[in-house]
Amino acid sequence: MFDRVTGHYDRMNRLMTLGRHAAWCRDVAVGAKVPPGGSMLDIATGTGVIALAALEKYPDSTIHAVDFSERMLSEAASKPGASAIVWQYADANDLPFGDGSFDAVTHGYLLRNVDDAERVLKEQYRVLKPGGRVVILETCPPRGPLRYPVALGVRVLIPLLGRIVARDRTSYAYLQKSTLGFMTPQEVVAILHRVGFASITWKKRFFGTHMIISARKQ
Ligand SMILES: C[S@@+](CC[C@H](N)C(=O)[O-])C[C@H]1O[C@@H](n2cnc3c(N)ncnc32)[C@H](O)[C@@H]1O
C-alpha cells in the first residue's frame with residue numbers, strides 16, 4: 001500500500017492537514033533534542049519530512065532514516081539536501097542497529113500501522129542511548145464536544161480526497177479507519193511506561209486528531 005501511495009503522498013498530506021504536517025514534523029525534530037554531533041534515527045520515514053527537518057535543525061548530527069517501502073525511500077532520497085542523510089531499508093519490528101546506538105528516535109504515523117505497538121516501542125528503547133528521547137507523531141481519535149463533527153469530517157473528507165486527488169479509494173479508506181480506530185494519547189503513554197520510558201509528555205493538534213508524544217529512556 002505504501003509503495004502505491006508514494007507519488008501523491010506529500011500532496012495528500014498537505015491537503016488533509018491543511019499544510020500543518022510540515023510544522024508538526026519540525027516540532028518532532030525540535031523535541032528530539034539531538035546533542036551537538038549526536039545521532040538520530042527516524043523510523044517509517046516515508047518521504048523523509050521528519051528526517052529532513054531534523055537535518056535542518058541539527059546540521060552537524062548523523063541522521064539515519066529507515067522504512068520498509070523501497071519506493072518511499074527513493075522518493076525521500078531524491079529530495080534537495082537528502083544526500084546528507086543515511087537512508088536504509090528496515091522493518092520497525094526488527095531494527096538493524098545495536099543497543100544504545102542513537103541519542104534520539106522519531107517516527108510519524110508508524111504505530112497505527114503495526115501489529116504490536118509495544119514490541120516496536122521496545123525496539124526503539126533498545127536502540128536508544130540512556131537519556132535518549134523518542135518523539136512520536138500520530139493520529140488519535142477525537143474526544144470532547146467536537147468529537148462527532150470532527151469524526152464525521154474525517155470519515156467524509158479523507159476518502160473523498162483520496163478518490164479525487166490520489167484516485168485511490170482503498171488506501172484512504174484504510175487511513176480514515178486507522179485514524180479513528182487508533183489509541184488515545186493515554187493508551188500510548190501506558191505502553192511507553194510499561195516499556196520503561198520516563199518523563200512522558202504529550203500534546204494534541206488539529207482538532208484533537210493528532211498527537212505528539214515525547215519520552216526519555218531512563
Ligand atoms: C503514513 S507514512 C508516514 C511517513 C512519514 N513518517 C510522515 O510523517 O509523513 C507511514 C510509513 O511507515 C512505513 N512503515 C509502516 N510500517 C512499517 C514497518 N513495520 N517498518 C518500517 N516502515 C514501516 C510505510 O512504508 C510508510 O512509509
Side-chain angles (χ1 to χ4, degrees), residues 1-32 40-57 63-79 82 85-97 102 104-124 126-127 134-140 154 158 161-162 165-166 168 170-182 205-206 209-214:
M1 185 184 81
F2 291 109
D3 272 349
R4 196 169 67 227
V5 303
T6 303
H8 51 251
Y9 181 79
D10 283 341
R11 189 155 44 109
M12 277 295 288
N13 247 0
R14 272 197 300 276
L15 281 170
M16 289 185 303
T17 66
L18 303 176
R20 299 305 299 151
H21 176 251
W24 302 331
C25 290
R26 284 195 294 274
D27 273 5
V28 169
V30 169
M40 192 194 106
L41 171 66
D42 183 41
I43 307 173
T45 195
T47 57
V49 184
I50 293 175
L52 287 160
L55 181 67
E56 203 174 312
K57 172 106 189 94
I63 297 178
H64 288 253
V66 300
D67 202 288
F68 71 4
S69 158
E70 296 282 9
R71 285 195 64 189
M72 284 285 192
L73 283 171
S74 53
E75 176 78 15
S78 71
K79 290 186 168 177
I85 293 172
V86 184
W87 306 98
Q88 188 175 337
Y89 176 95
D91 185 338
N93 288 288
D94 211 351
L95 295 170
F97 303 104
F102 297 99
V105 169
T106 57
H107 45 97
Y109 308 137
L110 166 68
L111 290 184
R112 73 184 138 90
N113 292 308
V114 299
D115 290 333
D116 185 347
E118 185 156 340
R119 172 184 168 162
V120 161
L121 289 168
K122 273 188 188 148
E123 259 303 82
Q124 295 170 21
R126 182 184 70 74
V127 300
V134 64
V135 189
I136 303 168
L137 168 66
E138 250 318 333
T139 54
C140 55
V154 171
I158 292 182
L161 283 170
V165 180
D168 179 353
T170 324
S171 304
Y172 289 90
Y174 164 75
L175 174 60
Q176 176 263 114
K177 280 206 188 76
S178 61
T179 296
L180 294 176
F182 191 61
R205 290 286 178 269
F206 213 50
T209 59
H210 281 68
M211 54 187 167
I212 296 176
I213 305 179
S214 82

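The model shown is predicted, which means the values in this text are computed figures rather than measured ones. As the structure lists them, so they are numbered: ligands from 1, and atoms in each ligand from 1.
Under a 4.0 Å heavy-atom criterion, His107 is not in contact with ligand 1. Within the 4.0 Å heavy-atom cutoff, Asn13 counts among the residues contacting ligand 1. The shortest separation from a heavy atom of Ala90 to ligand 1 is under 4.0 Å, placing the residue in contact.
Close N/O approach between Cys25 and ligand 1 is not found [any backbone or side-chain N/O within under 3.5 Å]. Considering backbone and side-chain N/O atoms, Gly108 comes within less than 3.5 Å of an N/O atom of ligand 1. Of the polar atoms of Asp67, at least one N or O is found under 3.5 Å from an N or O of ligand 1, judged by distance alone.
Distance CZ/Arg20 to CZ/Arg26: 8.0 Å, rounded to 0.5 Å. Here the CG atom belonging to Leu180 is positioned 9.0 Å from the CG atom belonging to Leu175, to the nearest 0.5 angstrom. Atom-to-atom distance recorded for Asp67:CG and Phe2:CZ is 8.0 Å, nearest 0.5 angstrom.
The aromatic rings of His64 and Phe102 lie perpendicular to each other, with more than 60° between the two planes, well past the 30° mark. Using bins of under 30°, 30° to 60° and over 60° for the plane-to-plane angle, the ring pair His21/Tyr109 lands in the parallel bin. Relative orientation of the Trp24 and His210 rings is tilted, given thresholds of 30° and 60° on the angle between their planes.
The part of Phe2 lying near ligand 1 is the side chain, judged by heavy-atom distances below 4.0 Å. With a 4.0 Å cut-off on non-hydrogen atoms, Val49 does not touch ligand 1 at all. At a heavy-atom distance under 4.0 Å, no atom of Thr47 approaches ligand 1.
With respect to atom 8 (O) of ligand 1, the closest heavy atom belonging to the protein is His21 NE2, 3.1 Å. Residue, atom and distance of the protein heavy atom nearest to atom 19 (N) of ligand 1 are Asp91 OD1, 3.0 Å. When hydrogens are left out, the protein atom nearest atom 17 (C) of ligand 1 is Phe68 CZ, 3.4 Å; that is the closest non-hydrogen contact. What sits closest to atom 9 (O) of ligand 1 on the protein, heavy atoms only, is Tyr9 OH, 2.7 Å. Looking only at protein heavy atoms, the nearest one to atom 12 (O) of ligand 1 is Ala44 CB, 3.1 Å. Nearest protein neighbour of atom 20 (N) of ligand 1, counting heavy atoms only, is Ala92 N, 2.8 Å.
Nearest approach of Ile50 to His107, heavy atoms of both residues: CD1-C, 3.9 Å. Closest approach of Leu73 to Val66, counting heavy atoms only: CD2-C, 4.3 Å.
For ligand 1, the atoms lying closer than 4.0 Å to a non-hydrogen atom of Gly46 are 4 (C), 27 (O).
Remark: Arg4 CZ is packed, more than 12 non-hydrogen atoms of other residues, nucleotides or ligands lying under 6.0 Å away. In Lys57, the NZ atom is not crowded: 12 or fewer heavy atoms of neighbouring residues, nucleotides or ligands sit closer than 6.0 Å.
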